[in-house]
K.L.:
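Supplied in structure tokens, the structure appears directly below.
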Amino acid sequence: MKNRVKIAAVIPAAGVGSRMQLDFPKQYLVIQDQTILEHTVHKLLALPCITTVVIAISKEDDYFSDISFTDNRVCDCFGGASRAESVFNALRYLRDDKPDWVLVHDAARPLVQPEDIATLVTQCLEKDEGGILASKVKDTIKQGDTKIEKTVPREQLWSALTPQMFKFDELLAALELGLKEAPHTITDEASAMERLNLPVQLVPGRSDNIKITSPEDYDLACYLLNKQKENAQ
């Protein structure tokens with residue numbers, strides 16, 4: 001990995017997670033005596049190359065203050081009404097001491113493996129272009145509403161995961177333009193870069209790097225995190 005490259009991580013964590021049917025944000029659900037957010041942050045802190053982790057939280061968040069991160073690389077800022085706005089606010093927060101690159105990772109993806117993050121970082125630096133962790137689609141994909149209209153070929157289909165890694169200046173500019181011109185099309189950082197026809201690598205990652213969006217996901221995450229803990233012992 002190249003030396004003296006400054007890499008920051010951003011975690012958008014201002015959402016409410018309505019599909020979990022909770023009265024508090026899903027990232028504060030507890031697994032193994034730690035919140036989902038803590039598990040996620042610690043996966044990023046496992047990489048020494050990451051100089052800063054910025055967590056973008058809601059102004060109405062009454063739970064974040066109950067968490068104490070001992071690593072001085074962790075800081076927080078206010079997010080926005082959407083994921084894109086939260087990431088954009090975090091990038092603006094970083095401008096005074098801006099990094100060369102930024103990794104954006106979902107707060108609700110605590111199962112990401114540090115080895116996958118390291119692979120993404122290495123490939124982005126070696127090729128000098130952005131990229132995302134992704135997994136090949138395994139299921140047969142059907143298109144339709146209540147009835148099948150057609151079967152979609154899956155050979156070139158990928159599920160976008162996180163982290164997603166881009167040069168700081170390029171991502172800041174892409175998000176700023178995207179939020180002005182077509183905010184509803186910016187569903188992740190890669191989509192903002194795609195609008196500007198900037199290259200985005202697909203870096204294969206583990207398919208169990210799931211995003212917790214439903215009660216079933218939470219149950220699966222509990223099981224998988226327990227397996228990770230057992231394997232680490």
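Counting begins at 1 with the first residue of the sequence. Computed from a predicted structure; not experimentally measured. Excluded from the calculations below are hydrogen atoms, water molecules and symmetry mates; all remaining heavy atoms, backbone and side chain alike, are included.
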K.L.:
Sequence neighbours left out, cut at 3.5 Å: what donor-acceptor pairs do the side chains of residues 181-199 make with other protein atoms?
P.N.:
| from | atom 1 | to | atom 2 | distance (Å) |
| --- | --- | --- | --- | --- |
| Glu181 | OE1 | Arg195 | NH2 | 2.9 |
| Thr185 | OG1 | Ala182 | O | 2.8 |
| Asp188 | OD1 | Ala190 | N | 3.4 |
| Asp188 | OD1 | Ser191 | N | 2.8 |
| Asp188 | OD1 | Ser191 | OG | 3.2 |
| Asp188 | OD2 | Gln164 | NE2 | 3.0 |
| Glu189 | OE1 | Arg83 | NH2 | 2.7 |
| Glu189 | OE2 | Arg83 | NE | 2.9 |
| Glu189 | OE2 | Arg83 | NH2 | 3.3 |
| Ser191 | OG | Thr187 | N | 3.1 |
| Ser191 | OG | Asp188 | N | 3.2 |
| Ser191 | OG | Asp188 | O | 2.6 |

K.L.:
Mind listing the closest non-hydrogen atom pair of Pro12 and Val104 along with its distance?
P.N.:
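That closest heavy-atom pairing would be CD-CG1, 4.0 Å.
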
K.L.:
Taking the side chain from Asp106 and the backbone from Ala108, do they hold a donor-acceptor pair closer than 3.5 Å?
P.N.:
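The answer is no, because no donor-acceptor pair under 3.5 Å joins these two groups.
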
K.L.:
I'd like to check the ring pair (Phe, Tyr, Trp, His ring centres under 6.0 Å) partners of Tyr93; sequence neighbours left out, ordered by chain and number.
P.N.:
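With neighbours one apart ignored, the set is empty.
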
K.L.:
Please output the side-chain donor-acceptor pairs of residues 40-52 that fall under 3.5 Å, not counting sequence neighbours, one pair per line with the distance.
P.N.:
| from | atom 1 | to | atom 2 | distance (Å) |
| --- | --- | --- | --- | --- |
| Thr40 | OG1 | Ile36 | O | 3.1 |
| Thr40 | OG1 | Ala107 | O | 2.8 |
| His42 | ND1 | Glu38 | O | 3.1 |
| Lys43 | NZ | Pro110 | O | 2.8 |
| Lys43 | NZ | Val112 | O | 3.1 |
| Lys43 | NZ | Gln228 | OE1 | 2.9 |
| Thr51 | OG1 | Ile7 | O | 3.1 |

K.L.:
Which pair of heavy atoms, one from Cys124 and one from Gly130, lies closest together, and at what distance?
P.N.:
SG-C, 3.8 Å

K.L.:
Please confirm whether the backbone N or O of Ile141 pairs with a side-chain atom of Asp139, one donor and one acceptor, at under 3.5 Å?
P.N.:
no

K.L.:
Do the side chains of Lys167 and Asp128 get close enough for a salt bridge, i.e. N-O under 4.0 angstrom?
P.N.:
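Here Lys167 pairs with Asp128 in a salt bridge, since their nearest N and O are under 4.0 Å apart.
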
K.L.:
Taking atom types as modelled and ignoring hydrogens, do the side chains of Ser214 and Asp217 form a donor-acceptor contact shorter than 3.5 angstrom?
P.N.:
yes

K.L.:
So Phe69 and Ile55, side-chain contact (heavy atoms from CB on, under 4.5 Å) or not? Walk me through it.
P.N.:
CA-CA 11 Å; Phe69 291 106; Ile55 306 169; 3.9 Å; yes

K.L.:
Indicate whether the side chain of Asn226 and that of Gln32 have a donor and an acceptor atom separated by less than 3.5 Å.
P.N.:
yes

K.L.:
Do Phe166 and Val53 sit in the same hydrophobic cluster, where Ile, Leu, Val, Met, Phe, Trp and Tyr count as joined when their side-chain heavy atoms come under 4.5 Å apart?
P.N.:
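Shared cluster, no.
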
